[in-house]
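Single-structure report; data block below.
Order of the sequence lines sets the chain letters (A, B, ...), proteins ahead of strands, with each chain counted from 1.
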There are 2 protein chains.
Amino acid sequence: MPTRRSTPRPLPPAKKQAARFALQREADRTATAEDYVELIADLLREEGEARAVDVARRMGVSQATVTATVGRLQRDGLVETKPYRGLFLTAEGQTMATAAKARHDLVVRFLIAVGLDAETAEEDAEGLEHHASDKALAAFARFLAEREG
Amino acid sequence: MPTRRSTPRPLPPAKKQAARFALQREADRTATAEDYVELIADLLREEGEARAVDVARRMGVSQATVTATVGRLQRDGLVETKPYRGLFLTAEGQTMATAAKARHDLVVRFLIAVGLDAETAEEDAEGLEHHASDKALAAFARFLAEREG
DNA sequence: TCCGAAAGTTAGCCTAGGCTAAGAACTGTT
DNA sequence: AACAGTTCTTAGCCTAGGCTAACTTTCGGA
């Protein structure tokens with residue numbers, strides 16, 4: 001039997017590794033859209049309207065950037081705008097927002113369950129929610145069900 | 001006592017939320033560098049050299065892209081090149097690679113511990129390792145120590 | 001009503017990170 | 001020693017996502 005150490009699974013096949021990175025880049029591309037629609041949905045729900053200026057404030061970004069990004073979201077069929085009347089989600093945008101929120105909340109609860117304080121869990125979820133696969137999320141849910149169920 | 005529901009911690013203060021997104025963007029910026037130096041370190045360790053063409057293959061990216069990216073890494077003091085002789089890490093790059101690998105391995109072990117199969121854990125770690133805070137990583141380590149220790 | 005402040009857009013710029021196509025430079029083999 | 005094939009770079013292009021400055025549009029209060 002050839003050498004088989006336990007620790008260092010170091011170099012996956014090039015193709016497999018390339019596929020992973022490609023998936024990664026794909027996730028990066030959708031992350032912004034998810035953050036925006038999630039925030040817009042939150043604002044609509046909590047404050048009744050989602051104005052670009054508030055999105056800018058909460059994203060920590062200039063209004064010009066919001067205009068440009070919202071333009072892309074509109075092009076992609078996720079958002080509708082009525083100038084000076086705020087931003088709205090299309091059905092597709094709403095679907096994405098709902099899924100994003102569910103993922104976000106799941107990740108937060110999971111992080112708390114494994115020992116993070118609520119504040120840090122919120123912070124980390126912001127980044128992690130876009131990069132956890134469905135399988136990972138399912139595992140998190142299973143984990144929570146066991147602990148809490 | 002005012003209303004206090006358990007589920008929906010929905011809108012953090014704008015400033016705090018903006019800060020989170022800013023951190024997020026910061027992490028995104030360093031993610032590429034970490035992936036490259038981690039891969040270069042792996043190639044150096046496992047194959048004795050890290051040629052740009054192999055980096056391109058494993059990143060799933062064109063050689064021209066590698067040239068450009070390595071140029072930025074060089075500018076930032078992480079990598080050195082000897083054309084046709086492969087890529088090398090500076091001390092700083094080595095430090096980053098070591099930290100990245102440690103994070104990566106920790107995340108993989110953690111994901112497996114919470115129920116993911118090894119393959120999926122590898123895939124997910126690729127994305128998650130760049131977005132887990134030190135506090136989160138510490139929590140993961142604590143979790144592992146409890147289960148396994 | 002009108003006018004100033006707030007909100008939104010536009011123009012012009014930048015960086016990172018992708019691509020292809022074409023050319024230059026090196027290496028190993030004969 | 002020379003050539004073929006590999007490797008690397010360059011040029012030129014693109015998109016996403018940032019910025020500031022200047023402009024327009026709308027809203028609300030005096």
Open item on the list: At less than 4.0 Å, is any side-chain N or O atom of Arg72(B) found next to OP1 or OP2 of dG17(C)? Yes or no.
Closed with: yes

Task: Asp28(A) CG to dG17(C) P, straight-line distance once rounded to whole Å - done: 10 Å

Task: Exam field: side chain Thr90(A) to backbone Gly77(A), donor-acceptor pair closer than 3.5 Å - done: yes

- [ ] Give a yes/no answer on whether the side chain of Thr32(A) brings an N or O atom under 4.0 Å of OP1 or OP2 in dG17(D).
- [x] yes

Open item on the list: Using OP1 and OP2 only, check whether a side-chain N or O of Thr65(A) sits under 4.0 Å from dC19(D).
Closed with: yes

Task: Short N-O contact, Lys101(A) and Asp105(A), less than 4.0 angstrom - done: yes

Task: Nearest-Å distance for atom pair CG/P, residues Leu43(A) and dA7(C) - done: 13 Å

Open item on the list: Using a 3.5 Å distance criterion without hydrogens, assess whether the side chain of Arg103(B) forms a donor-acceptor pair with backbone atoms of Glu129(B).
Closed with: yes

Open item on the list: Which is more 5' along DNA chain C, the nucleotide nearest Ala64(B) or the one nearest Asp76(B)? Just name the residue.
Closed with: Asp76(B)

Open item on the list: Without decimals, in angstroms, what is the distance between Phe21(B) CZ and dC19(D) C1'?
Closed with: 19 Å

TODO: On DNA chain D, check which nucleotide each of Arg51(B) and Arg75(A) is closest to and give me the residue with the more 5' one.
DONE: Arg51(B)

Open item on the list: Does the structure place the NZ or CZ of Arg147(A) under 6.0 Å from the centre of the six-membered ring of Phe143(A), at an angle of no more than 45° from the ring's axis?
Closed with: yes

Task: Distance, rounded to the nearest Å, where Gln63(A) contributes CD and dG18(D) contributes C1' - done: 15 Å

- [ ] Respond yes when some side-chain nitrogen or oxygen of Thr69(B) is under 4.0 Å from OP1 or OP2 of dG17(C), and no when none is.
- [x] no

Open item on the list: Looking only at the side chains, is there a donor atom on one of His131(A) and Asp28(A) sitting less than 3.5 Å from an acceptor on the other?
Closed with: yes

Open item on the list: By nearest atom, which of the nucleotides dC19(D), dC8(D), dG18(D) is closest to the Val53(B) side chain?
Closed with: dC8(D)

Task: Salt bridge flag under 4.0 Å for residues Arg85(B) and Glu80(B) - done: no

- [ ] Assess the side chains of Gln74(B) and Thr81(B): does a donor N or O sit below 3.5 Å from an acceptor N or O?
- [x] yes

Task: Atom pair distance, as rounded to whole Å: CE in Met59(A) and P in dC19(D) - done: 10 Å

Open item on the list: Return whichever of Ala68(A) or Arg25(A) has its heavy-atom-nearest nucleotide of DNA chain C closer to the 5' end.
Closed with: Ala68(A)

TODO: Rounded off to whole Å, could you give me the CZ-to-P distance for the Arg29(A) and dG18(D) pair?
DONE: 15 Å

Kindly give the atom pairs (protein nitrogen or oxygen, nucleotide nitrogen or oxygen) under 3.5 Å for nucleotides 22-29 of chain D.
| from | atom 1 | to | atom 2 | distance (Å) |
| --- | --- | --- | --- | --- |
| dT25(D) | O2 | Tyr84(A) | OH | 3.0 |
| dC27(D) | OP1 | Arg85(A) | NH2 | 2.2 |

TODO: Determine the contact category for Val66(A): base if any of its heavy atoms lies under 4.0 Å from a base atom, sugar-phosphate if only primed atoms, P, OP1 or OP2 are that close, otherwise nothing.
DONE: nothing

TODO: Please report, rounded to the nearest Å, how far the P atom of dG17(D) is from the CG atom of Asp35(A).
DONE: 10 Å

Open item on the list: Rounded to whole Å, please give me the gap between CD in Glu26(B) and C1' in dT15(C).
Closed with: 14 Å

